[in-house]
**Q** 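Encoded as structure tokens, here's the structure I'll be asking about.
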Amino acid sequence: MGEFTINTEGVPFNLRYTLESGQSFRWQERGEWWVGVLGHGVVKLKQEGAALVCVSSSDALDSHALYDYLGLGSDLERILASIMKDGKITEAVQKFYGLRILKQDVWECLLSFAIATNSNIPRIRGMVSNLCNRLGDAVDFEGNAYSLFPTADRVAQAELPDLAACGLGYRAKFVKSIAESVSLGRVNLDELRLHDYAKARELLIEDLPERKTLMGIGPKVADCVLLFSCDKDSAFPIDVWVARVLDGNYPHLFEGDLKERLASAVSGKTSLSLATYDRLSASARAYFGEFAGYAQQYLFHYERMKD
DNA sequence: TCCCAGGCTCAAC
DNA sequence: GTTGAGCATGGG
């Protein structure tokens with residue numbers, strides 16, 4: 001509870017780039033502050049030179065929790081040096097230097113990116129906000145009301161029409177199904193980070209004979225969850241924006257038919273099959289290395305912000 | 001009005 | 001295993 005400061009002297013960090021890069025959908029800019037709901041509390045942040053000024057609503061949301069959430073423990077300088085393999089990525093890194101990969105709550109990340117499919121960031125923010133306001137517990141901060149991200153149990157208990165009323169469209173049934181799976185313990189989200197990338201990914205997109213474990217979770221969403229909430233820094237999610245960057249700047253990374261399949265997907269003639277997605281992602285990971293996820297995030301943000 | 005969006009599922013080859 | 005339609009909706 002209260003105000004404190006995190007010293008980021010000598011540590012590359014840009015709060016705006018980090019919060020605006022489409023990793024998390026709940027931060028809002030209010031004047032000179034960024035306000036967000038984390039866990040069971042609310043926090044507002046302001047970057048002033050080497051000082052990150054924080055005002056928190058709860059004791060649990062302290063400097064250690066924020067330091068961890070913001071990924072400040074990662075050696076970003078070394079990470080960025082390792083991914084700058086060419087002019088394009090170097091340009092993106094220089095332009096958005098200090099953008100960090102957040103370490104988000106797995107459940108919130110999973111459901112948010114399930115909701116994010118075939119949509120756009122402004123609208124995703126709206127859908128997630130509606131879901132929280134409708135189903136999440138209320139919490140007060142500086143006289144204003146905020147909503148916590150709803151638990152899996154709460155979402156699982158919600159009626160389909162209530163979910164649809166959040167503007168989720170056809171995603172409503174996936175949201176309910178995912179919440180039920182998590183609520184029933186068909187998948188243990190907390191243990192994902194303990195597995196390696198391949199194993200954790202397998203658990204997320206597992207398709208058992210009787211039923212798929214998480215309906216609506218495919219390779220792209222799984223990669224986002226692994227990168228943004230399970231410490232898998234090599235995960236390389238490929239959405240339409242990243243596919244565009246790869247096709248426009250990195251066609252040489254892909255052999256023969258793969259290059260053509262990518263171009264075809266970018267032009268909208270076909271879509272990426274599961275196998276093609278995996279081959280593309282594997283090639284990108286091989287090229288950028290163990291921190292390929294950072295490269296992906298810089299390229300994604302660069303592509304979205306250009307012009 | 002039309003196109004597009006941090007894709008995925010399902011049926012039909 | 002691969003492919004193509006269909007999906008709900010709102011922002012631009």
Side-chain angles (χ1 to χ4, degrees), chain A residues 18-27 92 99 101-102 104 108-131 160-178 181 201 204-229 232 235-247 257-258 260-262 264-281 284 292-307:
Chain A
T18 302
L19 299 183
E20 275 187 344
S21 65
Q23 304 177 54
S24 169
F25 305 105
R26 298 208 66 201
W27 288 92
L99 190 169
I101 301 289
L102 298 170
Q104 303 184 52
E108 176 171 342
C109 191
L110 175 73
L111 203 68
S112 295
F113 278 94
I115 288 170
T117 62
N118 199 23
S119 188
N120 55 68
I121 290 181
R123 184 167 169 234
I124 296 162
R125 297 173 59 83
M127 289 187 283
V128 172
S129 175
N130 291 339
L131 187 73
L160 220 40
D162 292 329
L163 294 174
C166 297
L168 298 179
Y170 69 89
R171 302 167 191 80
K173 58 181 181 295
F174 294 141
V175 165
K176 184 168 172 63
S177 171
I178 289 166
S181 284
R201 190 172 190 274
L204 279 170
I205 61 181
E206 184 176 52
D207 193 2
L208 301 172
E210 58 275 20
R211 71 195 306 289
K212 197 169 187 297
T213 304
L214 297 168
M215 283 295 299
I217 305 300
K220 187 272 172 184
V221 173
D223 279 334
C224 285
V225 173
L226 294 172
L227 176 60
F228 300 137
S229 66
K232 305 309 177 203
F236 195 93
I238 302 175
D239 72 322
V240 293
W241 297 94
V242 174
R244 234 169 253 155
V245 176
L246 295 178
D247 181 51
D257 69 307
L258 197 51
E260 288 153 22
R261 287 172 188 276
L262 174 61
S264 176
V266 167
S267 70
K269 284 202 284 285
T270 64
S271 54
L272 290 181
S273 69
L274 175 61
T276 302
Y277 177 97
D278 285 349
R279 291 170 62 201
L280 288 170
S281 187
Y294 281 79
Q296 178 279 154
Q297 195 59 19
Y298 274 85
L299 291 171
F300 170 77
H301 194 48
Y302 183 90
E303 186 70 11
R304 285 195 66 247
M305 291 299 114
K306 80 181 188 187
D307 65 61

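Lettering of chains follows the sequences in order, A, B, ..., and the numbering in each one begins at 1. Just the heavy atoms: all of them, side chains too, but no hydrogens, waters or symmetry mates, feed the values below.
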**Q** Could you go through A/Arg304 and A/Asp239, starting from their C-alpha distance and side-chain angles, then the distance that decides it, and tell me whether this counts as salt bridge (charged side-chain N to carboxylate O under 4.0 Å, His left out)?
**A** CA-CA 12 Å; A/Arg304 285 195 66 247; A/Asp239 72 322; over 6 Å; no
**Q** Using a cut-off of 4.0 Å on non-hydrogen atoms, how would the nucleic acid contact of A/Lys173 be classed: base, sugar-phosphate, or nothing?
**A** sugar-phosphate
**Q** Please check this pair: side chain of A/Gln296 against backbone of A/Ala235, looking for a donor-acceptor N/O pair closer than 3.5 Å.
**A** no
**Q** Could you pull out all residues at least two apart from A/Thr270 that satisfy side-chain contact (heavy atoms from CB on, under 4.5 Å)?
**A** A/Ser264
**Q** Tell me, please, the opening and closing nucleotides of DNA chain C, 5' to 3', among those with an atom under 4.0 angstrom from a non-hydrogen atom of chain A.
**A** C/dT2 to C/dG10
**Q** Main chain of A/Ile217, side chain of A/Lys212: is a donor-acceptor contact present, judged purely on distance under 3.5 Å?
**A** yes
**Q** Determine the Euclidean distance between corresponding P atoms of B/dC8 and C/dG10; express it in Å to zero decimal places.
**A** 22 Å
**Q** How would you label the contact of A/Arg261 with the nucleic acid (heavy atoms, under 4.0 Å): base, sugar-phosphate, or nothing?
**A** sugar-phosphate
**Q** Generate the contact string for nucleotides 5-13 of chain B. Rules: B means base contact, S means sugar-phosphate contact only, - means no protein heavy atom under 4.0 Å.
**A** BBBSSS---
**Q** Mind checking the P distance from C/dA5 to B/dC3? Whole angstroms is fine.
**A** 16 Å
**Q** Please give the distance between the C1' atoms of B/dG6 and C/dG4 as a whole number of Å.
**A** 22 Å
**Q** Over all strands shown, is A/Ala172 touching base, sugar-phosphate only, or nothing at heavy-atom distances under 4.0 angstrom?
**A** nothing
**Q** Tabulate below the donor-acceptor pairs under 3.5 Å that side-chain atoms of residues 110-118 of chain A make, not counting sequence neighbours, or state none.
**A**
from     : atom 1 : to       : atom 2 : distance (Å)
A/Ser112 : OG     : A/Glu108 : O      : 2.7
A/Thr117 : OG1    : A/Ala114 : O      : 3.3

**Q** With distance as the sole test, does A/Glu303 use its side chain to make a donor-acceptor pair with the main-chain N or O of A/Val245 at under 3.5 Å?
**A** no
**Q** Among residues at least two apart in sequence or on other chains, which ones pass side chain to side chain donor-acceptor pair (under 3.5 Å) with A/Arg123?
**A** none
**Q** Who passes side chain to side chain donor-acceptor pair (under 3.5 Å) against A/Trp27, sequence neighbours left out?
**A** A/Tyr69
